[in-house]
Amino acid sequence: MKEIYFDNSATTCPSDEVLAVYTRIAREEYGNPSSRHRRGQSAALLLKEARASLLSALGAKEGRLVFTASGTEANNLALFGRAYAKERFARGGRIITTEGEHASVDLPLDALARAGFDIVRIPTRGGALATDALLAALTPKTVLVSMMAVNNETGAVYPTSLVGAAMRRSCPDAVLHVDATQAFMKIPMSPKALGADMVTVSSHKIEGPKGVGALWVSDALIKSRGLAAITLGGGQEEGLRSGTENVPGICAFAEAARLAQSSFDERVSQITDVRAHLLSALALHPILKDAVTANLPEKAAPHILSLTVHGFKSETVQNDLSGRGIYVSSGSACASHARNLSKALLAFGKSEAETDATIRLSFSHHNTKEEADEFLAVLAEIVTTRARMRK
């Protein structure tokens, strides 16, 4: 059975080139980069080169890259590390975020709320950030703003640079953390363009291996000691994230980023064409045009498409598609086993029933228009068959 993989925001398939780098270094360069002998120093040099390569791919002309085991860990480091960097922050410090953030931001902020921080969540109805509400929330007590660059469920692109500029006017001592997990190598970006002091990226979203993430931190934040370590031990990663670095994974991540950067325009063009083709065909489809609603933010990333299949639970549609070799998701893969409704879709403005009927397609440059047509054909069969079964 031919498979169609439309779940690339959950994870991607590592490329042959990336796997070759991982395998070679895991076998041949197995030294601990903290060791002083030749094996260790060889690994340390590879780590240094991979760090420089990833900083270049990020478009970062300054700053430090702190390697972690995941984007989730990088987000936790940004949030807890900032919150506990100064004792005074805990005395009424305000942290601002958006409604519908990924659980790796949302749940740490719940924990910080219990610890006494003032957490403010800004609406994102229709995928548009309520900028007036955010501007009103910025006060001298604000210590951190944390927000996505691209929403992982709707594809909405948020104006982080506008937020960063407003922060410099209203609360210049505050820090902007941007979760760019779904933006890196999908839309043009750099820490400067995002207006960010910290940026999260993840390897397995760009055809790198799982188990590798990174947090970019500005030099100014490092120098001001505005970020505290949350993992203590041997003092790796300049003391901000102890633990022996995953050198093969990090080098493979750097290779994935290099490959994505070298073909960025071609990849984005292919993804954009497939998404546009699917939307055009959907609008003309005799069965699906009235049965399915595309949830389209005003400004959207090219690789994510949210579809509400009215009257059908997303889990049912997802399972039926999976049985035909077509893989999509129902919300964030990290929360797919929880039975709670998607906060991102509720924040977008979907009703509870609509939220429970929404699937997410996420494309890579390997996907084709023919796959989009096949998806629509199979989805039409599912809708028609399920509707008959109800009668």
Side-chain angles (χ1 to χ4, degrees), residues 3-12 100 102 124-128 148-158 181-187 205-206 267-285 287-310 312-315 317-318 320-322 324-336 342-350 354-380 382-383:
E3 295 185 342
I4 297 174
Y5 189 74
F6 282 166
D7 199 18
N8 291 278
S9 286
T11 197
T12 55
H102 190 271
T124 54
R125 190 172 183 86
M148 293 172 160
V150 173
N151 187 279
N152 61 304
E153 294 188 49
T154 67
V157 178
Y158 297 140
T181 302
Q182 294 294 345
F184 187 43
M185 294 300 159
K186 302 297 191 302
I187 63 173
K205 307 295 187 181
I206 64 164
R267 291 187 181 197
V268 171
S269 177
Q270 174 67 15
I271 292 168
T272 301
D273 286 350
V274 171
R275 183 178 184 273
H277 176 80
L278 193 152
L279 282 171
S280 296
L282 177 63
L284 299 172
H285 198 283
I287 295 172
L288 297 179
K289 65 180 181 181
D290 296 320
V292 179
T293 297
N295 305 309
L296 302 176
E298 183 175 336
K299 187 173 183 182
H303 63 298
I304 295 175
L305 180 59
S306 173
L307 300 176
T308 300
V309 187
H310 298 285
F312 298 91
K313 287 187 176 295
S314 58
E315 186 176 0
V317 175
Q318 183 183 21
D320 285 352
L321 287 168
S322 180
R324 298 287 294 273
I326 301 175
Y327 307 124
V328 303
S329 70
S330 52
S332 169
C334 297
S336 62
S342 163
K343 291 183 179 180
L345 293 174
L346 293 172
F348 190 87
K350 308 302 289 185
E354 290 170 331
T355 296
D356 202 26
T358 297
I359 59 174
R360 179 190 69 181
L361 281 62
S362 45
F363 310 107
S364 84
H365 60 285
H366 298 297
N367 293 129
T368 65
K369 294 177 182 179
E370 290 74 21
E371 289 179 332
D373 290 336
E374 178 67 13
F375 162 77
L376 290 175
V378 172
L379 182 60
I382 291 170
V383 169

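Just so you know, these numbers come straight off a predicted model, no measurement behind them.
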Tell me, with the steps shown, if N8 and N367 meet side chain to side chain contact (heavy atoms under 4.5 Å, CB included).
CA-CA 10 Å; N8 291 278; N367 293 129; 3.5 Å; yes
Which residues pass the side chain to side chain donor-acceptor pair (under 3.5 Å) test with S9, sequence neighbours left out?
Q182
Kindly write out the residues that satisfy side chain to side chain donor-acceptor pair (under 3.5 Å) with H285, not counting sequence neighbours, or none if the list is empty.
none
So CD1 of I326 and CD1 of I4: to nearest 0.5 Å the spacing works out to 4.5 Å
Considering non-hydrogen atoms only, spot the tightest contact between D7 and Y5 and give its length.
O-OH, 3.0 Å
Distance check, rounded to the nearest 0.5 Å: S329 atom OG versus L321 atom CG?
11.0 Å
Could you go through V309 and I382, starting from their C-alpha distance and side-chain angles, then the distance that decides it, and tell me whether this counts as side chain to side chain contact (heavy atoms under 4.5 Å, CB included)?
CA-CA 11 Å; V309 187; I382 291 170; over 6 Å; no
With a cut-off of 3.5 Å and sequence neighbours excluded, list every side-chain donor-acceptor pair involving residues 287-295.
{"residue": "T293", "atom": "OG1", "partner": "H310", "partner atom": "NE2", "Å": "2.6"}
{"residue": "N295", "atom": "OD1", "partner": "K350", "partner atom": "NZ", "Å": "2.7"}
{"residue": "N295", "atom": "ND2", "partner": "S306", "partner atom": "OG", "Å": "2.9"}
{"residue": "N295", "atom": "ND2", "partner": "T308", "partner atom": "OG1", "Å": "3.0"}

Straight-line distance of N152 CG to R360 CZ, nearest 0.5 Å:
6.0 Å
Under a 4.5 Å cut-off applied to non-hydrogen side-chain atoms, are E371 and F6 in contact?
yes
Test item: K186 and I206 side chains (from C-beta on) under 4.5 Å apart, heavy atoms:
yes
Working to the nearest 0.5 Å, report the span between CD of E153 and CG of L345.
5.0 Å
Which pair of heavy atoms, one from L376 and one from L278, lies closest together, and at what distance?
CD1-O, 3.9 Å
Closest approach of T272 and P302, non-hydrogen atoms and distance?
OG1-CB, 3.4 Å
Minimal non-hydrogen separation, I304 against R275, with atom names
O-NE, 3.1 Å
Using side-chain contact (heavy atoms from CB on, under 4.5 Å) as the criterion, list what pairs up with A156, not counting sequence neighbours.
N151, T154, Y158, P297
Heavy-atom nearest pair, F312 first then V317, reads CB-CG2, 3.7 Å
How would you list, by chain and number, every residue that makes a side-chain contact (heavy atoms from CB on, under 4.5 Å) with S322, sequence neighbours excluded?
Y327
One should read off an interatomic distance between T124 OG1 and K343 NZ, to the nearest 0.5 angstrom, of 12.5 Å
Hits for side-chain contact (heavy atoms from CB on, under 4.5 Å) against S269, two or more places apart or cross-chain, chain-then-number order -> D273
Start with the C-alpha gap between S314 and T358, add the side-chain angles, then the distance that decides, and say whether side chain to side chain contact (heavy atoms under 4.5 Å, CB included) holds.
CA-CA 5 Å; S314 58; T358 297; 5.5 Å; no
Search all heavy atoms of H277 against all heavy atoms of A372 and return the closest pair with its distance.
CD2-CB, 4.2 Å
Measure the spacing between CG of D320 and CG of L379 and express it to the nearest 0.5 Å.
9.5 Å
